[in-house]
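First comes the structure, then the notes that go with it.
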There are 2 protein chains.
Amino acid sequence: MAHSDTVTRILDAAEELFAEHGFSETSLRSITTKAGVNLAAVNYHFGSKKALIQAVFSRYLSPFYKRIASSLDHYEKVKPDGLLSIEEILGYFARAISGVSGGDRRRLAIFMRLLGLAYNQGQGHLRKYLQNEFKADYERLMVFFNKATPELLPQERFWRFHFMLGSAAFTLSNMEHLRAIQQDEFEVQCTEEDVLELLQPFLAAGIRAKK
Amino acid sequence: MAHSDTVTRILDAAEELFAEHGFSETSLRSITTKAGVNLAAVNYHFGSKKALIQAVFSRYLSPFYKRIASSLDHYEKVKPDGLLSIEEILGYFARAISGVSGGDRRRLAIFMRLLGLAYNQGQGHLRKYLQNEFKADYERLMVFFNKATPELLPQERFWRFHFMLGSAAFTLSNMEHLRAIQQDEFEVQCTEEDVLELLQPFLAAGIRAKK
DNA sequence: AAATGAGTTAAACGTATGTTTGAAACAGAT
DNA sequence: ATCTGTTTCAAACATACGTTTAACTCATTT
C-alpha cells in the first residue's frame with residue numbers, strides 16, 4: 001500500500017532529524033529528502049509541520065502510556081490501597097520507556113531524546129497537545145505518587161516532582177551525548193538501561209531527602 | 001557614548017527574547033525592533049547572530065564564574081585539603097546564581113532561563129564556545145566535587161553529576177513557568193531563591209544515595 | 001474501456017530570515 | 001571649517017522556509 005508506506009517513511013525520517021537537530025532547526029525539505037518522498041507529501045498527509053511533530057510524538061507516546069496504564073491497572077488490583085514505593089513507580093517508568101522501542105537501541109535513544117525535547121523545545125502547541133492527549137493518565141499516575149510520598153508537604157512534593165522530571169528529561173535528552181563523553185573519559189561502555197538503573201536510586205533518594 | 005549604548009540595548013533586548021522564545025525562534029528583526037536600533041546594528045557590532053548569542057552569554061557568565069572562582073580561592077586558603085561538603089558547593093552555586101543579577105528578580109529569571117537553554121538548545125557552537133571559555137574554572141570545580149564524593153566510583157560520580165546538572169538546568173530553565181503553575185494550583189507564592197533552597201537538599205541526597 | 005479518486009510530482013508562491021551595501025549623520029581632532 | 005574615522009540608516013540581497021497549486025500516475029470501480 002503506497003499511502004501508509006509514505007507516511008511511515010516521513011515519520012521515521014522526521015523523528016531522527018528532530019531528535020538530532022530539534023524542531024525549528026529541521027526543515028520539511030530535509031525530512032522529505034531523507035525519507036525519499038516528495039516535499040508536498042508532508043502537507044498532504046499531515047496537514048502541516050506542527051501536525052507532523054504531534055504525529056511523531058503520538059506514535060511513541062500512545063504505546064508508552066498504554067504500558068504505564070496497564071501497569072497501573074495491574075497494581076490497582078493487586079494493591080487496592082494504591083500504596084507503591086517510589087522505587088516501584090520509577091521502575092515502571094524505566095521499563096515502559098525501554099519497552100516502547102521493542103529492544104531496538106536506536107529507537108530507544110530517539111524516544112529518549114524526543115521525551116527530553118518535549119519538555120525543552122515544546123513550543124506551546126506541543127505542550128497543550130500532549131497535556132490534553134494524556135491528561136487522564138497523568139492524573140492517575142499522580143495519585144500513586146502522592147500516596148508514595150505522604151511525608152511531603154504539597155508544595156515540597158510539587159517541586160521535588162519537577163526536580164525529578166528535570167533530571168530525567170535532561171538525562172534522556174542528552175543520553176547519547178553523555179554516553180559518548182563517558183566512553184571517551186573512562187573507556188567504559190554502558191547501555192541506556194544501565195543509565196536508567198543508575199538514575200533510579202538518585203531520584204528516589206532526592207524525593208526522600210530530609211530537609 | 002553612542003556605541004556602547006546601542007550594544008547594551010541590543011544585549012538587553014536579545015537576552016529577554018532569547019529567554020522567552022529560544023534562539024532559533026528569535027529573529028534579529030524582533031531584537032532590533034525591541035531595542036529601538038537599526039537592523040544592521042547587530043551585524044555591525046557583533047558580526048553575526050551566533051556571535052550575538054555568545055555575547056549574551058558572556059555578559060552573564062563572566063561575572064558568574066568570577067564569583068565561583070573567588071569562592072574557590074577563598075576555600076583553597078581556608079581549607080587547604082580542599083574538603084568541602086556537597087551542601088557547601090551547592091550553596092556557593094546558588095549564591096553565585098542569585099548574585100550575578102544583583103538582586104534584580106527579572107534579570108535573575110532571565111539568567112536562569114539562559115543557563116537552562118545553554119544546555120538544552122546549545123547547538124554545537126554555543127557548547128564549544130562555553131567549554132573553551134570556562135574550561136579552567138570547570139576543572140577547578142570538579143576537583144572539589146571529586147573530593148566531596150570520595151565514596152563514589154568514577155562512573156557513578158560522572159552520571160550523578162549530570163543527573164544533578166539536569167535537574168538544575170531544567171528547574172532554572174522552567175522556573176517562571178513552574179512558579180506560575182504552583183501559584184495556580186496551591187495559591188502560594190515563592191521566590192526564585194526559595195526554589196534554589198528546596199533544590200539543594202534534593203540534589204545532595206541524590207548524590208549521597210546508597211545503591 | 002471509461003471514470004473515479006487517492007497519491008505523487010515539479011513548480012511556484014509568499015513570506016521571513018541573516019547579511020551586505022552605500023550613502024548619510026555624527027563625533028572629535030587638526 | 002575641514003578632514004577622518006566611526007556609527008547609523010533605509011534599502012536591497014540572496015537564500016531558506018512552509019505551504020499551495022495543477023498537472024499527472026495509477027490502481028480500483030463501474
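We name chains A, B, ... by the order of the sequence lines, and we start the count at 1 in each one. Quick caveat, the model's predicted, so the values are computed rather than measured.
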Expressed as a whole number of angstroms, how long is the span from [X]:[atom1] to [N]:[atom2]?
X       : N      : atom1 : atom2 : result
A/Leu52 : D/dT19 : CG    : C1'   : 14 Å
A/Lys49 : D/dC17 : NZ    : P     : 8 Å
A/Glu25 : D/dC17 : CD    : P     : 11 Å
B/Leu28 : C/dT15 : CG    : P     : 21 Å
B/Leu17 : C/dT17 : CG    : P     : 12 Å
A/Phe46 : C/dG7  : CZ    : P     : 12 Å

May I ask you to decide whether [X] forms a salt bridge with [Y], counting only side-chain N to carboxylate O separations under 4.0 Å?
X        : Y        : value
A/Asp73  : A/Arg140 : yes
B/Arg113 : B/Glu20  : no
A/Asp12  : A/Arg59  : yes

query = Which residues in residues 29-39 of chain A have at least one heavy atom lying under 4.0 Å from any atom of DNA chain D?
reply =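 Listed by number, they are A/Arg29, A/Leu39.
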
ask   = Quick one: which of D/dT19, C/dT19, C/dA10 gets closest to the side chain of A/Asn43?
value = D/dT19

note = Looking only at D/dT8, D/dG18, C/dA10, the nucleotide nearest the B/Tyr44 side chain is D/dT8

message = Looking at every heavy atom in both A/Leu52 and A/Val42, which two are closest together, and how far apart are they?
response = CD2-CG1, 4.1 Å

Look at the side-chain N and O atoms of [X] and state whether any lies under 4.0 Å from the OP1 or OP2 oxygen of [N].
X       : N      : answer
A/Ser27 : D/dC17 : yes
A/Thr6  : C/dT8  : yes
A/His45 : C/dA6  : no

query = With ring centroids as reference points, do B/Tyr92 and B/Tyr75 lie under 6.0 angstrom apart?
reply =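 Between B/Tyr92 and B/Tyr75, the centre distance is under 6.0 Å.
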
query = Centres of the B/Phe111 and B/Tyr60 rings: under 6.0 Å?
reply = yes

inquiry  = Working to the nearest 0.5 angstrom, can you tell me the gap between B/Phe64 CZ and B/Phe57 CZ?
reply    = 12.0 Å

